[in-house]
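Numbers for residues simply follow the sequence, beginning at 1.
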Amino acid sequence: MDQPVELTLEQQFNLRSFETQVERMSREQAQQFLVKLYEQMMLRETMYKHFLKQQWGIESGPQL
């Protein structure tokens, strides 16, 4: 993995679109949005960890 990771053209477009939406938000809207976005990031991380544990067979819990 010597090459830096870059966004695809579609991702770059989506990022620019997102940037425009954020610029139009009020400060309060942006703060609420950031809190919700952070919550979603944490939920995604939790799901990834769960899926990896399940895939690797290290899920704790009852084994059938």
Side-chain angles (χ1 to χ4, degrees):
M1 232 170 126
D2 295 332
Q3 298 177 343
V5 177
E6 296 183 13
L7 297 176
T8 65
L9 190 57
E10 180 180 8
Q11 289 172 322
Q12 291 175 29
F13 174 81
N14 288 334
L15 180 60
R16 181 65 183 122
S17 175
F18 179 77
E19 183 180 354
T20 301
Q21 290 175 1
V22 171
E23 287 173 350
R24 295 178 180 159
M25 290 181 185
S26 70
R27 178 182 172 94
E28 290 155 358
Q29 288 173 319
Q31 288 174 333
Q32 291 173 356
F33 181 79
L34 281 172
V35 170
K36 189 66 177 172
L37 181 63
Y38 188 69
E39 177 186 15
Q40 290 176 356
M41 289 170 52
M42 289 189 300
L43 287 170
R44 181 172 55 181
E45 180 182 359
T46 300
M47 286 190 312
Y48 285 160
K49 288 178 182 180
H50 171 75
F51 293 144
L52 286 173
K53 286 179 181 180
Q54 194 174 38
Q55 183 68 29
W56 293 341
I58 57 175
E59 185 71 42
S60 59
Q63 300 290 325
L64 300 176

Go through the structure and list residues passing side chain to side chain donor-acceptor pair (under 3.5 Å) with [X], not counting sequence neighbours.
{"X": "Arg44", "answer": "none"}
{"X": "Ser17", "answer": "none"}
{"X": "Glu19", "answer": "Arg16"}

### Query
Got a sec: does the CD of Glu10 have more than 12 other heavy atoms crowding it under 6.0 Å?
no

### Query
Roughly how far, to the nearest 0.5 Å, is the CD atom of Gln29 from the CZ atom of Arg24?
12.5 Å

### Message
Would you compute the distance between atom CD of Glu23 and atom OG1 of Thr20 and round it to the nearest 0.5 angstrom?
### Response
5.5 Å

### Connected via hydrophobic side-chain network under 4.5 Å: Met41 and Val22
yes

### Message
With clusters defined by side-chain heavy atoms of hydrophobic residues (ILVMFWY) lying less than 4.5 Å apart, directly or transitively, does Phe13 cluster with Leu9?
### Response
no

### Test side chain to side chain contact (heavy atoms under 4.5 Å, CB included) applied to Phe51 - qualifying residues, sequence neighbours left out
Met47, Gln54

Pairs under 3.5 angstrom only: tabulate donor-acceptor contacts from the side chains of residues 31-40 to other protein residues two or more places apart or in another chain.
from: Lys36; atom 1: NZ; to: Glu39; atom 2: OE1; distance (Å): 3.3

### Message
Test question: given the 4.5 Å side-chain rule for I, L, V, M, F, W and Y, name all other residues clustered with Leu43, or answer none.
### Response
none

